[in-house]
Every structure is written in structure tokens, then in C-alpha cells.
Chemist: 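Could you have a look at this structure, given as C-alpha cells, before my questions?
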2 protein chains.
Amino acid sequence: MSEFGELLKELRKEHRISQRKLADMVGIDFTYISKIESGTMVPPAEDKIIKIAEIFNVDSDKLLIAANKIPADFQKVITEIEDVPVFLRSASKFSQTQWKEIKRIIDETKDNEE
Amino acid sequence: MSEFGELLKELRKEHRISQRKLADMVGIDFTYISKIESGTMVPPAEDKIIKIAEIFNVDSDKLLIAANKIPADFQKVITEIEDVPVFLRSASKFSQTQWKEIKRIIDETKDNEE
DNA sequence: TAGTATGTTGATTTAAAAGTCAACACTATA
DNA sequence: TATAGTGTTGACTTTTAAATCAACATACTA
């Protein structure tokens, strides 16, 4: 039942890299990698997870979420924008249709970026 | 600069209650309350903050946010609803108008409750 | 003025999270 | 069959967050 562990193992295998090599790159002990993969130990701290995401070139948010961690950046958003906590309290009640509307709004902001 | 500390002191004063009494009710040492209020120490753990919110009859989310803590409940929402992290990444870019739309959607769900 | 209530400070402790170290076991291969 | 590469396990350690304990200072009040 360790989503993160399984995912890590998969990524590592895909990239054909050993636990020792990965551990070196991340900056942790290789035995810890072993335990994370088997679910014996909980996922590492956020900075390590971000490094892993970089190494395997995956979205760090996704990896953090898989580790059941809230990206620290979110703290700023949640604590600084008043309406965000209110939004989060309602988020579980949104219907499909409502999510569609929200996604439309999100997409609008994405345009602004380029 | 300790938002939480100042807020706590204010609430406590309003309720005309001593640090010792409050500490007893919350289940922590009174000297800790003193340090929190002065900003010497960081706010207590989430469960203590929630107790404080109950004692003073204020919204616990607000108190947690003032303490720069993300309510643990949010973790479920953030990790379990796929679109929420995406939303949070965009949240800081929303315009007034966009927030108005979002609030409208939130209000719709509130109707469902009663 | 002795007692009671209040808040402050510095040193220390406890609990939880995040990790290391040492030792072993299996496999491949030179 | 030695040795290099890999993963596993159990006990221990380090780090950070969350607090306590002991001692004192100030004000109030019986």
C-alpha cells in the first residue's frame, strides 16, 4: 500500500539505475531507498523528493502528492490568499460541472503566461 | 511580527483569562503560552490550536492560518482531488473577476448543504 | 507584610520525523 | 572461486518541532 515506494521503484527501474546510484544522486543513504521502496519507511523529506523528481524528470507536485505531502509552496498560497482556505473547504463538494467551470478559469490564467 | 502570538494575546485578554488558566484548558504549560504570545516560540501543534479556537469560539482555520499552518484536513483534499493541486498552482494568478466566479461556484455548493 | 495571582526567561527535555551504519544475502561474471 | 554489484534488515543516531521545569519579578490584596 505504499504508493510512493512503488512509484519510486518503477521510476528507478525504468531508468535502470541502482539504489546506491540513486541514493548518491539524491544525497541519502541507499538503505533508506530500499526501505522507502518496500514501504518499510515513509517517504523522505520534501527536498529529497524534489531532487528525485528532477532526476527522473517528473512533476514534483505529483511525486509529493504520491508521498502524501503537501508541497511547501502551497503554504504561501493557502495562508496568503484569503479565499483559498474557503475554496478548499468546498472542494470536495464540487460537481463535475462545477469542476469544469473551475478548470476553464484556470485555463484562462494559463493564457496570460505566454 | 508574530501574528499568531498577538492574536492569541488579544483573544485571551478579551476573555479575561490568565495564561495559566488557558494553558490548563489547552493542556500545555503556561510558560509556553507566554512565549507564544511574545513570539519567542512558534505556535503550538495543530491540535492545541484547534482547542484554543474552541475555547475562544473562533474559526480554527483562521487561527491555524494565522499560525502559518495548513489545516491537516486540507491534506486529504489536496492529495485526493487531482485538480486541487493544479488549482493551487494557479490561485495566485487569478484576477478579481475570476475570484468572483469561483466564489459564485463555492456559494452554489453551500446551497446544497441546507 | 505575608500570601496569592500573574507574566517572563533560560536551560533542558520529549516526541516524532528523517535518516545512517553495520552486517548479511543473493547474483553475475572474470 | 574471488570479487564486484545489487538489495534487505535491525539497531541505532540525528535533527527538528513541541514542549516542560525551575526560578524569578511584579502587582494586588487580605
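So that the names make sense, note that chain A is the first sequence line, chain B the second, and so on, each numbered from 1. Only this structure's heavy atoms are used, side chains among them; waters, hydrogens and symmetry mates stay out.
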Chemist: Which residues, if any, of residues 8-16 of chain A bring a heavy atom under 4.0 Å of DNA chain D?
Modeler: Arg12(A), Lys13(A)

Chemist: Could you walk me through whether Phe4(A) and Ile36(A) pass side-chain contact (heavy atoms from CB on, under 4.5 Å), step by step?
Modeler: CA-CA 8 Å; Phe4(A) 181 81; Ile36(A) 293 163; 3.7 Å; yes

Chemist: Within less than 4.0 Å of OP1 or OP2 of dG5(D), is there a side-chain N or O belonging to Gln19(A)?
Modeler: no

Chemist: Please confirm whether Phe87(B) and Phe74(A) have ring centers closer than 6.0 angstrom.
Modeler: no

Chemist: Any idea which of dT20(C), dT6(D), dT8(C) is nearest the Thr31(A) side chain?
Modeler: dT20(C)

Chemist: Taking the side chain as every heavy atom from C-beta outward, state whether Phe94(B) and Ile81(A) have any pair of such atoms under 4.5 Å apart.
Modeler: no

Chemist: Decide yes or no for Lys13(B) and Glu10(B): does some side-chain heavy atom of the first lie under 4.5 Å from some side-chain heavy atom of the second?
Modeler: no

Chemist: Are the side chains of Leu11(B) and Leu63(B) in contact, using a 4.5 Å heavy-atom criterion?
Modeler: yes

Chemist: Tell me whether the side-chain N/O atoms of Tyr32(A) come closer than 4.0 Å to OP1 or OP2 in dG19(C).
Modeler: yes

Chemist: Atom OG of Ser34(A) and atom CG of Asp29(A): how far apart are they, to the nearest 0.5 Å?
Modeler: 10.0 Å

Chemist: Within the structure shown, what part of the strands sits under 4.0 Å from Lys21(A) by heavy-atom distance: base, sugar-phosphate, or nothing?
Modeler: nothing

Chemist: Report yes if a donor N or O on one partner sits less than 3.5 Å from an acceptor N or O on the other, where the partners are the side chain of Arg20(A) and the base of dG5(D); otherwise report no.
Modeler: no

Chemist: For side-chain contact (heavy atoms from CB on, under 4.5 Å), just list the numbers for His15(B) and Ile55(B), CA-CA rounded to whole Å, side-chain angles, deciding distance to a tenth of an Å, and then say yes or no.
Modeler: CA-CA 10 Å; His15(B) 286 251; Ile55(B) 291 166; over 6 Å; no

Chemist: Would you work out how much the helix from dT1(C)-dA30(D) to dA30(C)-dT1(D) bends between its ends, with each end axis defined by five base pairs, to 10 degrees?
Modeler: 20°

Chemist: I want to check something: taking the side chain as every heavy atom from C-beta on, are Asp73(B) and Arg89(A) in contact at a cut-off of under 4.5 Å?
Modeler: yes

Chemist: Could you list by number each residue of residues 34-46 of chain A showing a heavy-atom separation from DNA chain C of less than 4.0 Å, or answer none if no residue does?
Modeler: Lys35(A), Met41(A), Pro44(A), Ala45(A)

